[in-house]
Number of protein chains: 2
Amino acid sequence: MLTPERHRIILQLLQEKEVVKLHELVEATQCSESTIRRDLSQLEKEKKLKRVHGGAALLQQKREELSVFEKSTKNIHEKQLIGKYAASLIQDGDCIYLDAGTTTFQMIPYIEAKNIVVVTNGIMHIEALLEKDIQTYLVGGFIKKKTNALIGRGAIHSLQQYSFDKCFIGVNGVHIDFGYTTPDPEEAFMKQTAIHLSQRAFVLADHSKLNESTFAKIAPLQEATMITDETDEELLAMYEEKTTVEVVKS
Amino acid sequence: MLTPERHRIILQLLQEKEVVKLHELVEATQCSESTIRRDLSQLEKEKKLKRVHGGAALLQQKREELSVFEKSTKNIHEKQLIGKYAASLIQDGDCIYLDAGTTTFQMIPYIEAKNIVVVTNGIMHIEALLEKDIQTYLVGGFIKKKTNALIGRGAIHSLQQYSFDKCFIGVNGVHIDFGYTTPDPEEAFMKQTAIHLSQRAFVLADHSKLNESTFAKIAPLQEATMITDETDEELLAMYEEKTTVEVVKS
DNA sequence: TAAAATTGAATGAATTTGATTGATTTTTTA
DNA sequence: TAAAAAATCAATCAAATTCATTCAATTTTA
């Protein structure tokens with residue numbers, strides 16, 4: 001049996017059952033455990049499924065967003081590292097746009113620059129920013145319940161009243177061809193606008209975001225400097241051809 | 001049975017029953033107590049549930065700190081009464097401006113009208129509004145730390161994008177000569193603008209506000225209907241000469 | 001045909017599992 | 001109320017399963 005056919009069978013069985021045992025796949029394909037293991041490894045690298053002990057499991061759909069709560073606990077350590085580094089880029093007197101989202105949120109405790117102004121569309125960010133006695137402006141607009149972010153026409157309009165030294169943007173996918181992406185077109189447009197209003201743009205993307213792409217395009221890679229904790233040299237080299245990449249090491 | 005499948009079963013049973021006994025999970029998954037215990041431990045670490053003696057429970061947050069906040073305010077009972085009455089004035093399909101502040105905040109739990117849109121400058125209000133599945137817009141602007149209200153040029157500008165069927169305004173003073181007043185001129189201007197953008201304006205003022213006046217003038221009495229719990233007939237008669245007064249009785 | 005890629009088997013390492021232990025908590029009983 | 005009984009718990013261990021890695025055999029490709 002050919003590799004693509006096996007892969008098709010594996011993914012199909014997975015679709016039907018949500019989780020599938022290694023043994024069932026051996027049964028279905030009539031080939032050895034080793035082969036199936038190799039297939040699962042590869043499919044996992046391609047983000048088509050998630051390996052689990054004893055088999056494989058379906059991973060959540062591309063366009064479906066996780067709740068804020070789930071997001072906030074995922075890759076928290078990596079996000080903190082990235083946040084800390086990103087925060088160190090802020091200089092005294094800067095005007096900053098801080099995108100909504102859990103990754104950019106992690107920057108706030110590490111901000112040390114004085115006399116800065118921060119504009120944000122993230123309601124969650126406000127309390128933390130005020131706690132640090134940072135002059136904070138909020139853009140107006142519609143409140144998206146799921147992410148607690150301000151989006152829509154009003155938000156864009158509100159945003160356009162400002163211009164920034166630097167902006168820090170969170171994304172859901174970074175892809176060599178599709179650039180920076182996020183599931184919601186409204187949010188994508190918001191992020192895009194912020195990038196265009198800024199002298200320098202930074203995208204914060206932990207390693208789980210690389211080689212991913214979701215529905216709505218924000219901007220091509222070269223429009224922002226990417227900050228990531230990815231360590232795979234080969235992968236990084238690929239992105240470095242297209243844009244500036246700052247790698248955070250733990 | 002694979003780990004993700006067990007986890008799914010556990011979480012699903014939990015969704016249905018709120019709390020679930022260890023023994024039921026053993027029954028449902030046909031595996032040992034130890035395994036279930038380990039699963040529960042892990043799911044608890046992932047904040048997917050809360051372990052309790054004998055099993056697990058759904059985790060519920062927020063509610064409590066809200067009540068703490070509610071109790072910390074002055075004249076809470078009167079404000080609730082006023083809030084309840086004011087909320088009853090909202091009709092299906094209305095576009096509403098809800099001013100920041102504790103009095104207007106009390107309206108939210110009592111809002112029953114369907115298909116309404118609420119614009120607010122109060123950050124505290126957001127969570128409660130979203131909880132009630134109300135379409136919510138926030139004005140942009142500078143965040144005043146003390147009151148968690150959005151004010152300033154940006155806020156005014158943002159507000160002027162809308163027009164309202166009704167607005168509900170909190171004030172610090174109501175005075176027969178000076179009209180409605182509040183200490184901060186920026187906030188006063190915000191409230192004034194909202195009143196002018198609304199077909200009908202309501203000022204919520206518990207009895208402690210009457211015959212008081214503070215620094216910044218919002219509007220003369222006749223520009224808004226006053227909702228109060230004051231009972232002094234003589235006092236009320238005085239105000240009723242100048243404007244419409246709605247009296248809430250406990 | 002030779003080089004490269006794929007496959008299945010074999011190895012020991014790593015993970016998961018259920019049973020057991022004694023400690024802790026809850027309920028029952030006196 | 002306090003002691004006893006029952007239930008539940010965390011910690012540990014050994015057996016079973018699953019895993020990654022290696023290597024030789026086979027198939028595919030150039």
**Request:** Verify, without hydrogens or angle tests, whether A:Lys79 (side chain) and A:Leu204 (backbone) share a donor-acceptor contact under 3.5 angstrom.
**Result:** no
**Prompt:** Where the side chain of B:Thr136 meets the backbone of B:Ile134, is there a donor-acceptor pair that is under 3.5 Å apart?
**Reply:** yes
Specify the separation, in whole Å, of atom [atom1] of [X] and atom [atom2] of [N].
X: A:Arg6; N: C:dT6; atom1: CZ; atom2: P; answer: 9 Å
X: B:Met1; N: D:dT17; atom1: CE; atom2: C1'; answer: 16 Å
X: B:Leu40; N: C:dT16; atom1: CG; atom2: P; answer: 16 Å

**Fill in**
Rounding to the nearest 10°, end axes of the helix from C:dT1-D:dA30 to C:dA30-D:dT1 built from five pairs each make an angle of 40°
**Item:** B:Arg6 side, atom CZ; B:Arg38 side, atom CZ - distance, nearest 0.5 Å
**Value:** 9.0 Å
**Request:** Using a strict 4.0 Å threshold on nitrogen-to-oxygen distance, state whether A:Lys144 and A:Glu186 make a salt bridge.
**Result:** no
**Complete:** Across all chains, not counting sequence neighbours, the side-chain contact (heavy atoms from CB on, under 4.5 Å) partners of A:Ala201 are A:Cys167, A:Ile195, A:Ala224
**Request:** Please identify each residue that fulfils side-chain contact (heavy atoms from CB on, under 4.5 Å) with B:Glu112, with sequence neighbours left out.
**Result:** none
Pick out the pairs of N or O atoms, protein on one side and nucleotides 24-28 of chain D on the other, that lie under 3.5 Å.
none

**Prompt:** In terms of side-chain heavy atoms, does B:Thr231 have a donor or acceptor partner in B:His207 at a distance below 3.5 Å?
**Reply:** no
**Asked** Crowded around A:Gln222 CD? As in, over 12 foreign heavy atoms under 6.0 Å?
**Response** yes
**Item:** For A:Tyr85, ring-ring contact (aromatic ring centres under 6.0 Å, His included) partners two or more places apart
**Value:** none
**Asked** Parallel, tilted or perpendicular: which fits the ring planes of A:Phe168 and A:Phe202, with parallel below 30° and perpendicular above 60°?
**Response** parallel
**Item:** Phosphate OP1/OP2 of C:dT7 contacted by A:Thr35 side-chain N/O (<4.0 Å)
**Value:** no
Give each protein N/O atom lying under 3.5 Å from an N/O atom of nucleotides 8-14 of chain D, with the pair distance.
{"residue": "D:dT8", "atom": "O3'", "partner": "B:Gly54", "partner atom": "N", "Å": "3.0"}
{"residue": "D:dC9", "atom": "OP1", "partner": "B:Val52", "partner atom": "O", "Å": "3.2"}
{"residue": "D:dC9", "atom": "OP1", "partner": "B:Gly54", "partner atom": "N", "Å": "2.5"}
{"residue": "D:dC9", "atom": "OP2", "partner": "B:Arg37", "partner atom": "NH1", "Å": "2.5"}
{"residue": "D:dC9", "atom": "O5'", "partner": "B:Arg37", "partner atom": "NH1", "Å": "3.0"}
{"residue": "D:dA10", "atom": "OP1", "partner": "B:Arg51", "partner atom": "NH1", "Å": "3.2"}
{"residue": "D:dA10", "atom": "OP2", "partner": "B:Arg51", "partner atom": "NH1", "Å": "3.3"}
{"residue": "D:dA10", "atom": "OP2", "partner": "B:Arg51", "partner atom": "NH2", "Å": "2.9"}

